[in-house]
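Take a look at the structure set out below.
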Amino acid sequence: MELEWEGELMMDSQSVQEIVNRQKQMVQSGATKSVAFRLKQLETLKSAIKEREKLVMEALFADLGKSEFEAYATEIGTVYDSISHAMKNLKKWAKPQRVRTPIVHFGSTSYIYSEPYGSTLIIGPFNYPFMLVMDPLIGAISAGNCAVVKPSEYTPHVSAIIAEILADCFDETYIITLEGGKEITSILIHTPFDLIFFTGSIGVGKIVMEAAAGNLVPVILELGGKSPCIVDRETNLDLAAGRIVWGKFLNTGQTCVAPDYVLAHRDIKEALIVKMKEQITAFYGADPKDSPDYGKIVNTRQWDRLNGLLYHTKVVAGGNGDREDLYFAPTIMNGVEWNDKVMEEEIFGPIMPVLEYDDLSLVIDKVNARPKPLALYLFTENKSVENRVLESVSFGGGCVNDTVLHLVSPYLPFGGVGSSGMGSYHGKHSFDSFSHRKSVLKKSTRINLDLIFPPYNERKLKWIKKFMK
Ligand code: NAD
């Protein structure tokens, strides 16, 4: 049976199962395993994106109002970089890695073989709809897997161009895009893939993990949460204001690692707010609605949700918008308390609540009492403050004296901890996440230590105690 989804044919579970079976067979046949094959696919993907770069930009503008600069810097260029990095390093990554062997295995050598899982499922969110399916896909290809890609239904233009690019590059058995909403995703997550890579909200992450558990499918969950931004009194406030405003209002606040709220030391809070307001104007002009560099909210459902978080007496910048055009002004709220509505859930939009503190210990306690955040940012010139925060708070990743940019390094594993996610990727970490690391002990046949064979006696026990202590 096939169901309709906005004109597209949506598959039923049997069809999905057949795709997965074919993908598993393809990987088992060895067709995807040679490094030469993987490099070729990465190269093909890069060329196909280059050919349609303009169309991708247009799709990102249509769905999210992204400026060309943002579209290139945070989506397309990032994907090129990831492909180039993978192509440069793949040969090295794919080699069996020789590791040390304990003395107890005298006469042996030890290796870790990275092998593809097989058929992998990649589910993407709406906020960076191109990059957040392409980046994991680069990991999947590099590691020698097949993939089913399910982009977000909330960004239909981007979803369509992804489908076009992948259909142009790859045989359907190898990599296929399945477009659609909850119905198709629900079928997909109940299918026995070999790995599911999910990026999205905590709530849907739980649904995905529960469904995957039914088939014991491993999951990588890239989720969200409320990422704090602590601003100490010993800080270069001009720099802090610029970097916070950039990280918050990038992609209209719809960034998983955006600073969700600011915790500002009482001595500098008012000055910081003044400077953040100045930065908003410097970046987006007197009326950000007219700025070509300021995007829009993805849909009215999200717009309404954000509007419901505003507490107008606390708004000190922005607070206005245009529902029809999905415009939501860059907004700052002052005097926010921990139990305000805006502090309950991830904001995921252009509202910046500012809370005041004067005792860092209380800030650390408050943050630690909440779910572990995906990111944490700290602005300080004081080393002991830096060490205290880094040593006492658990978070996915973050920056000292900047926001968001830890995400843009292939050398740093990107991912959450606790409810902000599990597993990580980027660069070699993507390759590792999409590979099963198979341990192999190779034993010499020239020597034979019969120490571990029965019958046991005092002499053997003595020996084993010497080796294992
Ligand atoms: P979402 O969870 O609503 O949707 C993500 C995907 O899940 C979509 O493809 C959607 O079709 C599918 N989905 C939705 N409901 C489903 C259901 N009931 N069953 C099965 N599948 C379902 O997330 P979103 O709104 O697109 O993205 C925003 C969230 O994603 C935020 O919480 C953000 O922090 C998080 N995010 C995390 C990262 C990261 O790298 N950690 C990156 C971007 C976004």
Side-chain angles (χ1 to χ4, degrees), residues 5-6 8 10 13 16 63-64 74-75 78 121-136 139 148-156 158-159 162-163 177-191 196-212 214 219-227 248 250-260 297-299 301-303 305-306 344-349 371-375 395-398 404 406-408 412-426 429-430 433:
W5 178 73
E6 291 188 2
E8 301 284 335
M10 208 183 79
S13 49
V16 173
D63 288 334
L64 290 155
T74 65
E75 301 240 28
T78 311
L121 169 63
I122 295 167
I123 302 174
F126 77 77
N127 60 333
Y128 291 87
F130 186 73
M131 186 268 283
L132 288 175
V133 297
M134 287 297 177
D135 233 24
V148 170
V149 172
K150 211 299 284 175
S152 172
E153 69 276 27
Y154 298 122
T155 45
V158 177
S159 180
I162 288 169
T177 313
L178 296 181
E179 293 185 89
K182 249 187 232 169
E183 295 76 11
I184 179 75
T185 322
S186 185
I187 293 172
L188 290 170
I189 59 181
H190 286 95
T191 307
I196 298 179
F197 187 104
F198 171 81
T199 308
S201 58
I202 293 174
V204 179
K206 289 180 186 171
I207 295 173
V208 170
M209 192 166 172
E210 199 179 334
V219 287
I220 293 167
L221 301 177
E222 299 287 339
L223 310 176
K226 285 185 92 61
S227 300
K248 178 71 184 188
L250 177 78
N251 200 27
T252 328
Q254 300 162 114
T255 300
C256 55
V257 288
D260 188 272
I297 304 303
V298 69
N299 54 37
R301 193 166 65 89
Q302 292 293 338
W303 196 96
R305 181 185 62 78
L306 290 165
E344 279 170 15
E345 296 207 338
E346 180 183 9
I347 296 169
F348 215 58
K372 293 181 179 180
L374 180 60
F395 53 94
V404 175
H406 62 293
L407 184 140
V408 195
L412 291 174
F414 175 70
V417 57
S419 66
S420 56
M422 59 186 70
S424 60
Y425 71 130
H426 287 182
H429 311 287
S430 292
S433 285

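Note that ligands are numbered from 1 as they come in the structure, with each ligand's atoms numbered from 1 the same way. Keep in mind that this is a model prediction, so the values were computed, not measured.
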Please check if the side chain of T199 supplies one atom and the backbone of G124 the other of a donor-acceptor pair under 3.5 Å. no
Those residues with a heavy-atom separation under 4.0 Å from ligand 1 are I123, G124, P125, F126, N127, L132, K150, S152, E153, K182, T185, F198, T199, G200, S201, V204, I207, E222, L223, G224, C256, E346, F348, L374, F414
Measure from the side-chain N and O atoms of K248 to the backbone N and O of P259, and report whether any donor-acceptor pair falls under 3.5 Å. yes
Closest non-hydrogen atoms of G139 and S430, given as atom of the first, atom of the second and distance, are CA-CB, 3.9 Å
Scan the side chains in residues 126-135 for donor-acceptor partners under 3.5 Å anywhere in the protein, sequence neighbours excluded, and list what turns up.
| residue | atom | partner | partner atom | Å |
| --- | --- | --- | --- | --- |
| N127 | ND2 | Q254 | O | 3.1 |
| Y128 | OH | T255 | OG1 | 2.6 |
| D135 | OD1 | S82 | OG | 2.6 |

Mind checking salt bridge (Lys or Arg N to Asp or Glu O under 4.0 Å) for E222 and listing every partner two or more places apart, or none if nothing turns up? none
Results of side chain to side chain donor-acceptor pair (under 3.5 Å) for Q302 - residues two or more places apart only: R305
